[in-house]
Q: 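What follows is a single structure, and I will ask about it in a moment.
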Amino acid sequence: MKKPEISTTQLMLMAVGSSLVFPYTFMPILHTPNANQDVWFVLLLSFVYILIINAPILFLINKFRGFTVNQVVETIIGKYFGKPAILMFVVYFLFCSISCSLITTHFMNAFLFSGKPIWLLMLFLVVPTAYAAYKGAGTIGRLSLFVVPFMLLTILLFLFFGINNMDISLLQPVLTDSTFLDLNISAFLTASRYSEILIFFVFSYYLSKKSSINKTYALAVCIFGIFYMLILVPTLLVLDVDFAKISWNPYYVYTRQVNILSFLERLQSINTLAWFPVNILKLTMYSFMTSRILSLLFKTKSHKPFVIPNASIVFIACLVPLFYNSGTIDLLSSYRVFPWVVLPVIFVVPCILVAVYFIRRKKLKPLIKKTQMTAKSEDA
């Protein structure tokens with residue numbers, strides 16, 4: 001069967017939606033060290049680090065255009081060393097699936113369906129996630145066209161109707177309570193959470209050859225930055241940084257303060273309507289990427305046989321009492337754990353691959369051409 005194609009718009013929205021889920025849910029930037037009224041500047045500075053951290057994978061995507069993740073890794077370092085490196089991506093995607101599921105169910109249990117059994121909440125996540133992942137990359141791309149623009153629209157809506165409640169003095173004094181080192185540490189930890197470059201790494205295989213990876217990536221990062229700022233700043237201007245830091249979901253709390261014309265209230269329900277489908281989209285992408293890489297590793301005809309086992313692992317792990325408690329969830333999502341799980345996968349391993357590529361590039365050119373010719377014949 002001919003592989004499905006996704007558009008640059010779909011890929012961009014997939015990355016934007018996935019990257020905004022955490023700010024929309026619990027705003028991790030407020031929990032970095034020395035977070036204060038200058039976190040808006042930390043966010044701006046973090047994009048410098050995002051570009052640096054993402055550079056190795058972006059280089060590999062451009063150099064090995066049309067390759068799968070497995071082909072990129074095995075072409076550079078061979079099958080013997082490639083398989084452990086590929087398994088690192090699988091383990092990381094499973095970690096993200098479990099962590100995101102825990103955070104999502106925790107929010108649902110705290111704010112939406114208090115007292116409901118965890119297995120029931122997990123079914124609301126696992127079933128649609130597995131179904132969409134089973135359908136494949138084309139379905140995931142089309143799903144992003146519906147759910148992500150609605151989420152972006154809600155951010156603009158809450159910004160516009162929350163202006164009357166904002167107090168600009170809550171961001172003052174500006175850049176006086178933070179040292180240069182504090183700002184950079186917080187910016188680095190914030191940037192280390194941005195792992196959506198892996199979405200480009202996996203799904204760029206399904207883009208048409210004429211599409212520009214760099215432009216799509218730049219647009220995704222810019223839109224993410226703009227809308228992250230539109231989430232962060234209004235929250236600070238209404239709640240104040242001290243209250244926002246102790247709120248598990250500060251943006252949701254902010255949306256509860258918003259009303260239209262002084263009589264349309266409880267608009268936080270719109271927040272939930274946008275938040276849940278994008279969470280499903282994020283979990284679906286992780287499920288598909290795990291299944292896709294495993295199918296290539298074990299040379300099966302399709303990713304589909306791995307979808308249900310992947311969903312079962314996530315479902316069972318989230319029911320383990322050790323994992324599903326507020327202390328574990330807070331630890332997994334904190335700067336003490338999450339960035340240090342992300343960095344080896346999105347920066348350290350890709351840096352090693354890039355270094356080996358430059359050492360072996362003369363020998364790799366024939367292999368790259370051969371793989372590209374094989375891919376073209378398969379597409380035809």
Side-chain angles (χ1 to χ4, degrees), residues 1-16 18-19 50-79 81-82 85-86 88-90 92-93 136-138 140-141 144 194-222 285 288-297 299 303 345-347 349-380:
M1 293 179 64
K2 190 176 180 179
K3 70 178 182 183
E5 279 196 359
I6 61 174
S7 67
T8 53
T9 301
Q10 290 172 341
L11 181 58
M12 180 270 294
L13 289 174
M14 288 158 62
V16 169
S18 175
S19 59
I50 286 176
L51 296 178
I52 294 171
I53 293 170
N54 289 177
I57 291 185
L58 197 60
F59 171 83
L60 294 173
I61 295 172
N62 282 284
K63 203 67 181 178
F64 294 85
R65 186 66 189 272
F67 282 46
T68 64
V69 173
N70 301 56
Q71 288 172 329
V72 172
V73 175
E74 291 183 353
T75 300
I76 295 175
I77 59 177
K79 293 184 178 180
F81 294 104
I86 291 167
M88 281 190 65
F89 290 101
V90 173
Y92 172 73
F93 291 142
I140 297 171
S144 69
Y194 187 85
S195 62
E196 276 64 34
I197 187 65
L198 294 176
I199 294 175
F200 284 87
F201 202 15
V202 175
F203 285 92
S204 61
Y205 173 76
Y206 299 99
L207 282 178
S208 66
K209 299 299 185 293
K210 297 178 181 179
S211 304
S212 172
I213 291 291
N214 292 335
K215 289 181 180 178
T216 307
Y217 168 78
L219 185 60
V221 172
C222 287
M285 286 188 283
F288 174 81
M289 290 189 290
T290 305
S291 304
R292 170 67 174 162
I293 291 177
L294 284 174
S295 71
L296 293 170
L297 190 63
K299 301 185 185 304
H303 71 284
V345 180
I346 69 169
F347 186 69
V349 171
C351 279
I352 295 171
L353 292 174
V354 170
V356 174
Y357 165 78
F358 279 108
I359 294 171
R360 301 185 59 210
R361 58 182 170 179
K362 290 185 178 179
K363 294 182 179 180
L364 292 178
K365 285 183 179 179
L367 293 174
I368 294 173
K369 289 183 179 179
K370 182 180 178 181
T371 304
Q372 288 174 337
M373 291 297 294
T374 302
K376 286 181 181 179
S377 63
E378 288 176 354
D379 291 344

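If you're wondering where the values come from, they're calculated on a predicted model, not measured in any experiment. Position 1 is the first residue of the sequence; numbering continues from there. Below, all heavy atoms of this structure are taken into account, side chains as well, without hydrogens, waters or symmetry copies.
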Q: First locate atom CE of Met285, then atom CD1 of Ile140, and finally report the distance between them rounded to the nearest 0.5 Å.
A: 7.5 Å
Q: Would you indicate whether the side-chain heavy atoms of Lys215 and Thr8 approach each other to under 4.5 Å?
A: no
Q: What is the minimum heavy-atom distance between Lys299 and Lys79, and which atoms define it?
A: NZ-NZ, 4.4 Å
Q: Strictly distance-based, threshold 3.5 Å: is any side-chain N or O of Asn70 a donor or acceptor partner for the main-chain N or O of Ile293?
A: yes
Q: Check whether the side chains of Tyr92 and Ser195 place a donor and an acceptor atom closer than 3.5 Å, and report yes or no.
A: yes
Q: Glu5 vs Leu207, test: side chain to side chain contact (heavy atoms under 4.5 Å, CB included). Steps then yes/no.
A: CA-CA 6 Å; Glu5 279 196 359; Leu207 282 178; over 6 Å; no
Q: Atom CZ of Phe203 and atom CZ of Arg292: how far apart are they, to the nearest 0.5 Å?
A: 10.0 Å
Q: Which atom names give the shortest non-hydrogen contact between Leu13 and Ser144, and what distance separates them?
A: CD1-O, 3.9 Å
Q: Would you please name every residue forming a ring-ring contact (aromatic ring centres under 6.0 Å, His included) with Phe81, sequence neighbours left out?
A: none
Q: Taking atom OH of Tyr357 and atom OG1 of Thr75, what is their separation to the nearest 0.5 Å?
A: 11.5 Å
Q: Are any non-hydrogen side-chain atoms of His303 and Leu296 less than 4.5 angstrom apart?
A: no
Q: Residues in ring-ring contact (aromatic ring centres under 6.0 Å, His included) with Phe347, at least two apart?
A: none
Q: Taking atom NZ of Lys63 and atom CG of Leu364, what is their separation to the nearest 0.5 Å?
A: 10.5 Å
Q: Heavy atoms only: give me the nearest Phe201-Val69 pair and the separation to one decimal.
A: O-CG2, 3.6 Å
Q: Test side chain to side chain contact (heavy atoms under 4.5 Å, CB included) on Phe64 and Gln71 and set out the steps.
A: CA-CA 9 Å; Phe64 294 85; Gln71 288 172 329; over 6 Å; no
Q: Would you say the ring centroid of Phe358 lies under 6.0 angstrom from that of Phe59?
A: yes
Q: What distance do Ile197 atom CD1 and Leu60 atom CG have between them, rounded to the nearest 0.5 Å?
A: 9.5 Å
Q: Could you pull out the closest heavy-atom pair between Ile213 and Ile61, with the gap in Å?
A: CG2-CG2, 3.8 Å
Q: State which residues pass ring-ring contact (aromatic ring centres under 6.0 Å, His included) with Phe93; sequence neighbours excluded, sorted by chain then number.
A: none
Q: How far does OG1 of Thr216 sit from CE of Met12, to the nearest 0.5 angstrom?
A: 8.0 Å
Q: Can you name the closest pair of heavy atoms from Gly136 and Phe288 and give their distance?
A: CA-CE1, 3.9 Å
Q: I'd like to check the side chain to side chain donor-acceptor pair (under 3.5 Å) partners of Tyr194; sequence neighbours left out, ordered by chain and number.
A: none
Q: Go through the structure and list residues passing side chain to side chain donor-acceptor pair (under 3.5 Å) with Glu196, not counting sequence neighbours.
A: Ser18, Lys282
Q: Do the side chains of Phe200 and Leu58 get nearer than 4.5 Å, heavy atoms only?
A: no
Q: Just jot down the side chain to side chain donor-acceptor pair (under 3.5 Å) partners of Ser211, sequence neighbours excluded, or say none.
A: Ser208
Q: For Leu198 and Met289, work out which heavy atoms get closest and say how close.
A: O-SD, 3.9 Å
Q: Judged by atom type as modelled, is there a donor-acceptor pair below 3.5 Å linking the side chain of Arg360 to the main-chain atoms of Ile76?
A: yes
